[in-house]
Amino acid sequence: MKMRSHMCGQITLAEVGQEVTLAGWVQRRRDHGGLIFVDLRDRSGIIQIVFSPDVNEEAFHLAEKLRNEYVVRVVGTVMQRPAGLFNPNISTGDIEIYVEKLEVLNASKLPPFFPDEASGVDESVRLRYRYLDLRRPEMQENLKLRHEVTKTIRNFLDRKGFWEIETPILTKSSPEGARDYLVPSRIYPGKFFALPQSPQLFKQLLMVSGIDKYFQIARCFRDEDLRADRQPEFTQIDLEASFITRDEIIDLMEEMVSEVFDKTKGIKLLTPFPRLTYQEAMDRFGTDRPDLRFGIELVDVSDLVVNTNFKVFSEVVAKGGQVKGINAKDCAKFTRKEIDELTKQVSEYGAKGLAWIAVNEDGVRSPIAKFFSEETISAICERMSANPGDLLLFVADKPSVVAASLGYLRVEIAKRLGLIIPDRFKFCWVVDFPLFEYDEEEKRFVAMHHPFTSPMDEDIELFDSDPGKMRAKAYDLILNGVELGGGSIRIHRRDIQEKMFKTIGISAEEAQDKFGYLLEAFDFGAPPHGGIAFGLDRFIMLLAQRDSIRDVIAFPKTQSSACLLTKAPSEVEPKQLKELHIKTEIGANNRLQEKK
RNA sequence: GGCCCGGUAGCUCAGUCGGUUAGAGCGCCUGCCUGUCACGCAGGAGGCCGAGGGUUCGAGUCCCUUCCGGGUCGCCA
């Protein structure tokens with residue numbers, strides 16, 4: 001005897017006349033006194049079941065007690081609906097079940113919200129009762145999509161000869177990169193494991209092991225502040241291959257991403273994806289992850305304004321800064337208030353001001369026009385392809401501030417102009433990243449990607465003379481302004497790796513202490529290798545067209561890294577702390593003791 | 001760590017210049033109802049205004065502190 005014979009959404013006209021057994025949740029009850037309709041829901045969909053005293057008196061009276069979210073099992077006959085009573089809103093709208101037997105498997109308290117109205121409910125309530133939130137078809141679709149994407153990727157990589165291999169979750173803390181989550185060791189007092197920020201070093205060791213091609217759907221942990229697209233634990237599609245070039249990896253990944261889009265969404269992507277160098281991306285879009293769904297590129301006008309009377313511009317250029325602008329098409333109608341608003345927004349990126357020129361049919365409107373000759377203004381307009389109706393926005397500062405400010409502005413303007421089309425997918429690769437960036441706070445170079453990234457062969461000689469100029473064999477895959485994945489060809493020689501550590505200020509002793517096992521492995525015949533890691537959560541978020549990765553993770557954490565469902569993190573028993581040789585400063589264990 | 005937005009009924013929100021008894025929609029409960037599908041009709045219940053302190057004759061409203069949620073910069077691939 002089976003619990004059920006069909007899923008609710010599976011039943012069609014073909015089953016009319018059959019007796020079926022269904023189980024699911026009461027989505028809604030419509031009680032007409034002498035006739036009761038219930039929408040029965042399971043993962044597959046909704047079907048209307050009908051209780052009538054003419055069919056079964058006992059079931060009918062039991063149905064009067066049903067409430068939303070009760071779990072029931074019904075036995076009944078599939079009937080075609082009478083003419084004119086078709087419900088076009090559900091896939092089973094042309095049939096219904098006449099119930100002969102009703103069994104309440106479990107009652108439900110009144111839930112804080114119903115699955116069919118959850119989209120407007122505050123996210124904290126949804127997270128607290130995540131199991132109710134996940135009853136929503138919309139959320140189930142996201143989880144299903146996630147399943148299908150990982151399944152497609154597993155099949156693809158398997159076909160290409162990659163082996164799925166697990167790497168440790170309890171591992172060694174390392175300097176560089178994000179803050180580690182630590183796990184105290186009971187057996188080694190005062191010592192700690194760290195949760196992996198990524199399987200980076202293990203996958204490199206697998207290459208040294210001769211595995212040749214590895215992948216993993218890997219959970220990663222980073223103890224940093226959160227965003228809509230960042231969780232403290234997240235999932236990477238992580239892969240690595242030996243004897244492979246950058247272009248081979250790029251080709252392979254384009255094929256993989258195309259297959260995922262095709263199989264899960266039926267979208268055919270055009271390959272190869274465009275490639276931009278890091279410098280080009282920064283120059284044209286002000287960011288290393290440009291959204292290519294719209295134009296509005298940054299234009300450098302430094303040379304046009306360096307010798308003008310507008311000191312704000314000329315002095316910045318003279319001091320080695322730059323003046324760049326964007327053309328906000330048809331935005332000349334922006335009010336002072338709107339421009340002030342934009343000015344305030346770019347100030348968050350360090351811009352000290354936002355200069356503007358509104359181009360009209362009969363000339364320009366601009367607080368800075370009086371500083372420029374007519375020739376200068378027309379030269380600026382020409383270079384920025386300005387037409388009447390356009391608004392030119394300028395930021396003058398050091399290059400990093402100009403890029404950040406205008407990079408933000410071009411997206412903001414595109415949003416306001418409705419240029420961002422949600423269901424368009426514009427990929428690009430960004431390549432030729434700098435190997436290092438200078439950390440002003442720590443007064444040293446840090447690895448831009450990570451310290452295991454290989455420099456370009458022709459840049460290796462710059463290690464001693466000008467590390468800031470070195471470029472990396474690194475590449476990022478960008479989709480609609482979101483960094484989807486990043487990887488590199490790695491260092492596989494001990495001498496290069498040691499130079500790398502030295503350049504970022506890691507002493508030989510520290511390198512030995514933290515990464516000795518990797519350096520040692522390089523001594524035993526490490527093959528050239530490289531790989532890439534994709535942010536699976538972001539990938540699904542973009543495919544599902546959601547704004548937050550929380551919507552594609554079954555049990556995500558809040559912005560302050562808490563789980564509202566389990567109330568983690570939480571205090572632990574004093575005994576547990578004692579076993580771990582840990583004393584906390586805030587005396588959490590004392591409070592626990594007092595409660596007992 | 002900084003900045004911004006929010007927290008009022010189960011849910012979504014309104015609440016004017018500080019004023020007397022804090023409202024709406026949905027939901028919920030009870031009754032009626034044999035073709036609804038956001039069923040309908042009638043009636044009813046439901047509030048620590050996030051918490052603490054202050055100003056005031058009087059605070060949901062003003063001030064301070066704090067907690068929680070979201071966004072963002074820093075941070076983080």
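The sequence lines fix the lettering, A, B, ..., with proteins before strands; numbering per chain opens at 1. Below, each value reflects all heavy atoms present in this structure, side chains not excepted, and no hydrogens, waters or symmetry copies.
Scored by the salt bridge (Lys or Arg N to Asp or Glu O under 4.0 Å) test, A:R410 finds no partners at all (sequence neighbours excluded). With sequence neighbours excluded, the residues satisfying side-chain hydrogen bond (donor to acceptor under 3.5 Å, both in side chains) with A:R246 are A:D432. Applying the side-chain hydrogen bond (donor to acceptor under 3.5 Å, both in side chains) criterion to A:D340, with sequence neighbours excluded, gives no partner residue. With sequence neighbours excluded, no residue forms a salt bridge (Lys or Arg N to Asp or Glu O under 4.0 Å) with A:E100. With sequence neighbours left out, the side-chain hydrogen bond (donor to acceptor under 3.5 Å, both in side chains) criterion links A:D31 to A:R29. Every residue meeting the side-chain hydrogen bond (donor to acceptor under 3.5 Å, both in side chains) condition with A:R30, not counting sequence neighbours, appears here in chain and number order: A:D39, A:Q48.
In this structure, B:G46 makes no Watson-Crick or G-U wobble pair, since no nucleotide meets both defining distances under 3.5 angstrom. Across all strands shown, B:G74 forms no Watson-Crick or G-U wobble pair with both distances under 3.5 Å. Pairing for B:C26 is with B:G10, a Watson-Crick or G-U wobble pair whose two hydrogen-bonding atom distances lie under 3.5 Å. The partner of B:G69 is B:C5, by the rule that a Watson-Crick or G-U pair needs both atom distances under 3.5 Å.
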**Complete:** Readout for nucleotides 72-77 of chain B: B = base within 4.0 Å of protein heavy atom, S = sugar-phosphate only, - = neither; 5' to 3' it is BBBBBB

**Complete:** Protein-proximity profile, nucleotides 8-15 of chain B, B/S/- by nucleotide at the 4.0 Å heavy-atom cutoff, equals --SSS---

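As judged by a 4.0 angstrom heavy-atom cut-off over every strand, A:S560 is placed among residues touching the sugar-phosphate backbone only. Contacts of A:F539 with the nucleic acid, taken as non-hydrogen atoms under 4.0 Å apart, are absent. Contacts of A:R28 with the nucleic acid, taken as non-hydrogen atoms under 4.0 Å apart, involve only primed sugar atoms and P, OP1 or OP2.
For A:Q48 and B:A38, the CD to P distance is 10 Å, given to the nearest whole Å. Atom-to-atom, CD of A:E96 to P of B:U34 comes out at 17 Å; the value is rounded to the nearest Å. A:Y129 places its OH atom 15 Å from the C1' atom of B:G69, with the value rounded to the nearest Å. Here B:C37 presents its P atom at 13 Å from CG of A:L35, a figure rounded to the nearest Å. When rounded to the nearest whole Å, the span between CD of A:E341 and P of B:C4 equals 15 Å. Taking atom CG of A:L564 as the reference point, atom C1' of B:G50 lies 14 Å away to the nearest angstrom. The CD atom of A:E412 sits 17 Å away from the P atom of B:G71 (whole-angstrom rounding). Following rounding to the nearest Å, A:I49 (CD1) and B:U36 (P) show an atom-to-atom distance of 18 Å.
With C1' as the reference atom, B:C17 and B:U61 are 10 Å apart, rounded to whole Å. Separation of the P atoms belonging to B:U12 and B:G6 is 16 Å when rounded to the nearest angstrom. Rounded to whole Å, the separation between the C1' atoms of B:G58 and B:G19 comes to 7 Å. For the C1' atoms, the distance linking B:C28 with B:G47 amounts to 15 Å, nearest Å. Spacing between B:A22 and B:C13 at atom C1', rounded to whole Å, works out to 14 Å. Remark: the separation of the P atoms in B:C33 and B:A38 is 24 Å, to the nearest Å. A gap of 32 Å separates the C1' atoms of B:G23 and B:U36, to the nearest Å. Taking atom P in both B:G2 and B:A45, one finds a spacing of 47 Å when rounded to whole Å.
Contact check for A:D116 versus A:P137: no side-chain heavy atoms found under the 4.5 Å cut-off.
Side-chain contact check for A:H450 and A:Q200: at least one donor-acceptor pair (N or O, by modelled atom type) lies under 3.5 Å.
In this structure, A:H32 counts as stacked on the base of B:C39 under the 5.5 Å centre distance and 30° plane angle limits.
Between A:F113 and A:Y129, the ring planes are perpendicular. Angles over 60° get that label, and only those under 30° would be called parallel.
In this model, no side-chain donor or acceptor of A:R30 finds a partner on the base of B:C33 within 3.5 Å.
Listed by first and then second residue, the ring pair (Phe, Tyr, Trp, His ring centres under 6.0 Å) pairs involving residues 34-71 of chain A are A:H32-A:F37 (not counting sequence neighbours). Sorted by first and then second residue, the salt bridge (charged side-chain N to carboxylate O under 4.0 Å, His left out) pairs involving residues 227-236 of chain A (not counting sequence neighbours) are A:R219-A:E233, A:D229-A:R538, A:E233-A:K557. Within the structure, salt bridge (charged side-chain N to carboxylate O under 4.0 Å, His left out) pairs that include any residue of residues 52-63 of chain A do not occur (at least two apart or interchain).
Applying the 4.0 Å criterion to OP1 and OP2 of B:A38, one finds that A:N89 has a side-chain N or O inside that range. The phosphate of B:G69 (OP1 or OP2) has a side-chain N or O of A:T558 nearer than 4.0 angstrom. Distances shorter than 4.0 Å separate some side-chain N or O of A:R550 from OP1 or OP2 on B:G71.
Side chain of A:F37, nearest nucleotide from B:U30, B:C37, B:U36: B:U36. Taking the side chain of A:R67 as heavy atoms from C-beta on, and the options B:C39, B:G35, B:C29, the nearest nucleotide is B:C29. Across B:G69, B:G27, B:U36, the shortest atom-to-atom separation from the side chain of A:F114 is found for B:G27.
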Which atom pairs link the protein and nucleotides 40-46 of chain B when you take only N or O atoms and keep those under 3.5 Å?
none

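The ring of A:F162 has its center no closer than 6.0 angstrom to the ring center of A:F215.
Heavy atoms only, all atoms of each residue included: A:D247 and A:R275 are closest at OD1-NH1, 3.1 Å.
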